[in-house]
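As structure tokens, the structure follows; a few thoughts come after it.
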Amino acid sequence: MDKETSLQEFKRVCIHKSSSRSSLQDLPEELIQNILLRVSIKTLLQLKLLCKSWNSIISHPQFAKHHLLASTTHHQFLSSATAAADTKIHIFSINSFFQKPPTPLGFCTITAHNLILGSCNGIVCLCHVHQCHITLFNPSTGFASPPLPTHLSPGEVFSTFHGFGYDHVNDKYKVLLVTRVFSETVTKVYTFGENCRIRVVENAPLDPHPSGFLGKCVSGTLNWMAPKLGQNDSIDQWVILSFDLASETFSEVMLPDRNIDNNICKPMINVRKKGCWGVWVMKEYGVQDSWTMLMMVPRFVTDHWPCTRNELCACRGCPPLDPLCVSEDGVALFKTTSSKLLLYHSKHGTFNCFRFRGDIWSYHESLVSPSS
Amino acid sequence: MAERGESSEAVMLKKTEEEKLRKGKMIVGDESKAGYEEEGKKVKLVTSDGVTMEVEISIVKEMEIIQTFIGATDTDDSFIFPISNVSSHILNQIIELVKGEYDQELAKKLSHDELKEILVAANYLNMKTLFHFIATAIANVIQNKSVEFVRDFFGIVNDFTEEEEAELRKTNAWAFEGVDED
């Protein structure tokens with residue numbers, strides 16, 4: 001190719017590249033989207049008002065998914081409080097928990113008598129305590145799905161274990177409810193979306209420990225700590241009971257070391273060993289060799305606040321720490337069985353703690369609409 | 001004797017090894033010199049305002065549109081690339097940002113128009129690191145700002161009717177608390 005032909009060819013490539021842009025005042029939509037992927041949910045909701053084309057970019061379900069993947073993890077948490085007429089969902093960051101008194105980042109009000117069953121991808125699963133229907137709700141956008149009837153009584157819904165998560169294979173949000181009436185166990189999966197459905201599936205081979213009825217959602221699975229009982233009903237071994245949301249079947253996942261007697265929840269677990277609680281993470285879900293120890297929490301941290309007699313009974317054989325999150329710089333937030341929040345700085349070996357009534361769920365704010 | 005013989009053989013071996021090594025070093029030396037020449041090499045670019053600029057190869061290497069072209073054709077050093085969408089002013093800003101190893105402090109000194117023009121140029125020249133850097137910088141500028149500020153930043157005209165705007169404001173009520181001062 002001679003120089004003149006090369007020049008023509010290069011110009012052709014460049015013109016092709018720039019054809020999508022008319023003037024600077026009019027940045028192509030592709031570039032606007034790239035900027036918006038880096039903006040917080042709160043700002044995005046305001047920017048829907050900018051003009052019609054921005055409103056349609058921000059409202060698009062695909063944009064919500066991309067934003068969820070692109071947003072760096074700011075650890076946030078939810079807690080609910082019921083007053084006479086309504087229920088408030090409070091959103092906290094780690095820092096806002098430790099202000100005195102704890103000051104939420106924001107809140108939203110939902111109809112009374114709704115309890116949180118779980119939270120995943122910025123969507124909260126609510127269960128009405130009287131009517132027993134379940135609803136998916138996004139506290140950031142205020143969007144709620146139509147309620148799905150469970151056809152259960154209130155006593156049944158909360159009789160044993162449950163979980164809420166995202167099935168990424170089928171792009172569906174699913175709720176698992178296990179009920180037990182007169183020793184008959186029924187396991188049902190409620191699938192949200194355009195073709196919502198209820199399906200009875202095979203029961204779990206094990207029962208999760210009573211201290212953790214809510215399954216933790218990891219990589220399209222729900223997970224509970226489950227004891228395997230030996231002779232005289234003594235705990236022989238702990239495993240993770242796992243429910244695959246795509247195939248809708250149960251399986252077991254092994255803990256880092258079978259001989260260690262005490263562990264808790266996935267993805268992070270605690271192991272009592274040599275006067276310390278070890279925090280482990282399974283870096284690649286289902287791969288036994290990927291268990292990695294993140295930090296050790298000295299026993300004195302938990303011994304400092306002994307459980308009351310009743311709490312001890314409730315957590316028989318189960319460790320007192322439930323890890324909520326671990327940040328990159330080695331700060332971990334735990335909820336203890338005695339209703340306290342514990343913030344442990346592994347680099348300095350220091351900790352803060354305070355009493356916090358009510359349940360806490362991890363939360364990752366998003367624009368995702370539950371029914372799309 | 002036998003031992004000595006072995007050791008002298010070992011010495012011989014050592015010498016040839018050393019010689020090889022020295023040769024090797026010489027070869028390595030020549031290569032690094034060639035590498036150095038490559039480092040100092042410049043590529044000629046002519047900007048939208050007709051300015052011909054000689055840009056260091058290390059910076060041009062981030063411009064994938066030019067790299068792909070150099071790889072596919074046998075252009076020589078005298079070839080001048082017409083960068084018809086980028087002005088000499090913006091190209092200078094880009095060079096500063098790449099040399100400054102993408103420091104967010106540098107981005108703070110840029111005007112709103114410069115930020116947008118660099119984003120367009122980064123997309124046009126296919127400079128991935130620069131694109132990510134500048135898109136993040138713009139996102140930081142508009143984060144938590146009022147709708148009016150962002151409209152002004154992008155030069156966008158509101159095309160909603162009053163009713164449509166009121167309706168949207170109602171559905172996103174809690175997003176409007178605590179907006180930063182423009």
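Proteins come first, then strands; the chains are lettered A, B, ... in the order of their sequence lines, and each starts at number 1.
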**Request:** Show your reasoning for whether side-chain contact (heavy atoms from CB on, under 4.5 Å) applies to B:N144 and A:Q46.
**Result:** CA-CA 9 Å; B:N144 227 16; A:Q46 293 164 22; 4.2 Å; yes
**Message:** Could you go through A:T43 and B:K145, starting from their C-alpha distance and side-chain angles, then the distance that decides it, and tell me whether this counts as side-chain contact (heavy atoms from CB on, under 4.5 Å)?
**Reply:** CA-CA 7 Å; A:T43 304; B:K145 292 292 190 334; over 6 Å; no
**Request:** For atom CD of B:Q104, decide whether the heavy atoms of other residues, nucleotides or ligands shown that lie under 6.0 angstrom number more than 12.
**Result:** yes
**Request:** Sort out for me which residue in B:L119, B:L115, B:I134, B:V141 forms a side-chain contact (heavy atoms from CB on, under 4.5 Å) with A:I35.
**Result:** B:L119
**Spacing of CG belonging to B:L168 relative to NZ belonging to A:K52, to within rounding of 0.5 Å** = 10.5 Å
**Toward chain B, the part of A:L44 with a non-hydrogen atom under 4.5 Å** = neither
**Message:** Tell me if a side-chain donor or acceptor on B:Q143 pairs with a main-chain N or O of A:S40 at a distance below 3.5 Å.
**Reply:** yes
**Asked** Do the non-hydrogen side-chain atoms of B:I142 and A:L47 ever get within less than 4.5 Å of each other?
**Response** yes
**Request:** Look up atom CG in A:N34 and atom NE2 in B:H132, then write down how far apart they are to the nearest 0.5 Å.
**Result:** 10.5 Å
**Message:** If we ignore hydrogens and angles and just use 3.5 Å, is the side chain of B:R151 paired with the main-chain N or O of A:L50 as donor and acceptor?
**Reply:** yes
**Atom pair CG (B:N123) and CD (A:E30), whose distance is rounded to the nearest 0.5 Å** = 5.0 Å
**Prompt:** From B:Y124 OH over to A:L31 CG, what is the distance, rounded to the nearest 0.5 angstrom?
**Reply:** 14.0 Å
**Single hit among B:R169, B:E164, B:E148 for side-chain contact (heavy atoms from CB on, under 4.5 Å) with A:L49** = B:R169
**Asked** Is a side-chain N or O of B:N158 found less than 3.5 angstrom from the main chain of A:C51, in a donor-acceptor match?
**Response** no
